Amino acid sequence: MTHFLDIHKTDPQDLRSILDAAGRIKNARAGRTKGAKDGDQVLDGYIVALIFEKPSTRTRVSFDVGVRQMGGETLLLTGSEMQLGHGETIADTARVLSRYVDLIMIRTFEEEALLELADHASVPVINGLTNRTHPCQIMADVLTFEEHRGPIKGKKVVWTGDGNNVCASFLHAAGQFGFDMVFTGPETLDPERSFIEFARSKGSSVEIVRDPFKAVEGADLVVADTWVSMHDSQTTKERRHNQLRPYQVNEELMSHAKPDALFMHCLPAHRDEEATSAVMDGPHSVIFDEAENRLHAQKAIMRWCLGL
Ligand code: CP
Ligand code: NVA
């Protein structure tokens, strides 16, 4: 079974071939009218279940549109409306869904739920975000970086703020694609050691630099994300805001990075908190390219999972 569960669990050659395919898929659509189906209807007859236990705009729409463009159909399911939210085990849900659908994408809370689903499904499972990682996002981000700046290998990526699930997948990607990472944020919000160790074990440099201005020196890419993730308790909000304010990405901070540094944010953003509107809408920003590339990258991921 070819699942797409995490970047560190996927062979680097497969990751590269997924990105190459994403580029081809994107180019093949260039010039086609909006809403047109893809020339090769590879998902004709396929049905994809999209399970959301957390809110989503981009993941939900990009997977749904991607499947439809390839000629397939989707079932949009929310955990709370399924028996999953009422006591049925994940293992049984996996076995049942596998009898009906050809592919499952799930956004959930605990990573264990994703892994249990994948263990018991007899169709491929794709990770659409857990509390720990967000691999589809970072595939789109690497695609976006390389479209603008060429190979990401050897580049310096600076993560600002909370060492969260999106940061974790960036660290996995650093190891697999061979770029270096700097984390800048408060010590209490450092990324988990295992994510850092994975990148280092593959030969990538990972540094923790508390001073955000020092951290971004020489950066090819500066990344921000929300200060409070969906799985974080809202009671931590005020404390986190106070801790993270010095790490806001604003024009002054960007001016310390390389002059042609890119700025990324997976969105949704809280404008003028983790990043200012001047940066989000400014010349360094590629945030809407990232959002678009979710579509192309995930179409390539689905095709890879299904061997199409
Ligand atoms: N970036 C991202 O995954 O966005 P959504 O939460 O809107 O899906
Ligand atoms: N870190 C954010 C990413 C949202 C796409 C969250 O988990 O809420």
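Every value quoted in this text rests on a predicted model; they were computed, and no experiment measured them. Atoms considered below: every heavy atom in the structure, side chains included; atoms not considered: hydrogens, waters and symmetry mates. Read the numbers this way: they start at 1 and go in the same order the structure lists the ligands and their atoms.
- With Asp102 contributing its side chain and Val48 its backbone, the two residues share no donor-acceptor pair below 3.5 Å.
- Counting heavy atoms from C-beta on, the side chains of Gln137 and Asp225 never come closer than 4.5 Å.
- Remark: ligand 2 atoms within the under-4.0 Å shell around heavy atoms of Asp225 are 1 (N), 2 (C), 3 (C).
- Remark: minimum distance from atom 2 (C) of ligand 2 to any protein heavy atom is reached at Ser229 OG, 3.4 Å.
- Residues that satisfy the side-chain contact (heavy atoms from CB on, under 4.5 Å) test with Asp20, not counting sequence neighbours, are Arg16, Arg24.
- At the top of the distance list for atom 8 (O) of ligand 2, counting protein heavy atoms only, stands Met230 N, 2.8 Å.
- Here the heavy atom of the protein found nearest to atom 7 (O) of ligand 2 is Asn165 ND2, 2.8 Å.
- When heavy-atom distances to ligand 2 are checked against a 4.0 Å cut-off, Thr226 comes that close only through its side chain, counted from C-beta outward.
- The pair Asp40-Arg303 counts as a salt bridge, with a side-chain nitrogen and a carboxylate oxygen less than 4.0 angstrom apart.
- Residue contact check: Asn164 has heavy atoms under 4.0 Å from atoms 1 (N) of ligand 2.
- The contact shell of ligand 1, taken as protein residues with any non-hydrogen atom closer than 4.0 angstrom, comprises Ser56, Thr57, Arg58, Thr59, Arg107, His134, Gln137, Cys266, Leu267, Arg294.
- A salt bridge links Asp38 with Lys299; the closest basic N to acidic carboxylate O contact falls under 4.0 Å.
- Using a 4.0 Å cut-off between charged nitrogen and carboxylate oxygen, Arg240 and Asp162 count as a salt-bridge pair.
- In this structure Lys153 satisfies the salt bridge (Lys or Arg N to Asp or Glu O under 4.0 Å) test with no other residue, sequence neighbours excluded.
- Ion pairing of Arg210 with Asp190 is present here, as a side-chain N (NZ or NE/NH1/NH2) and a carboxylate O approach within less than 4.0 Å.
- Scored by the side-chain hydrogen bond (donor to acceptor under 3.5 Å, both in side chains) test, Thr57 finds no partners at all (sequence neighbours excluded).
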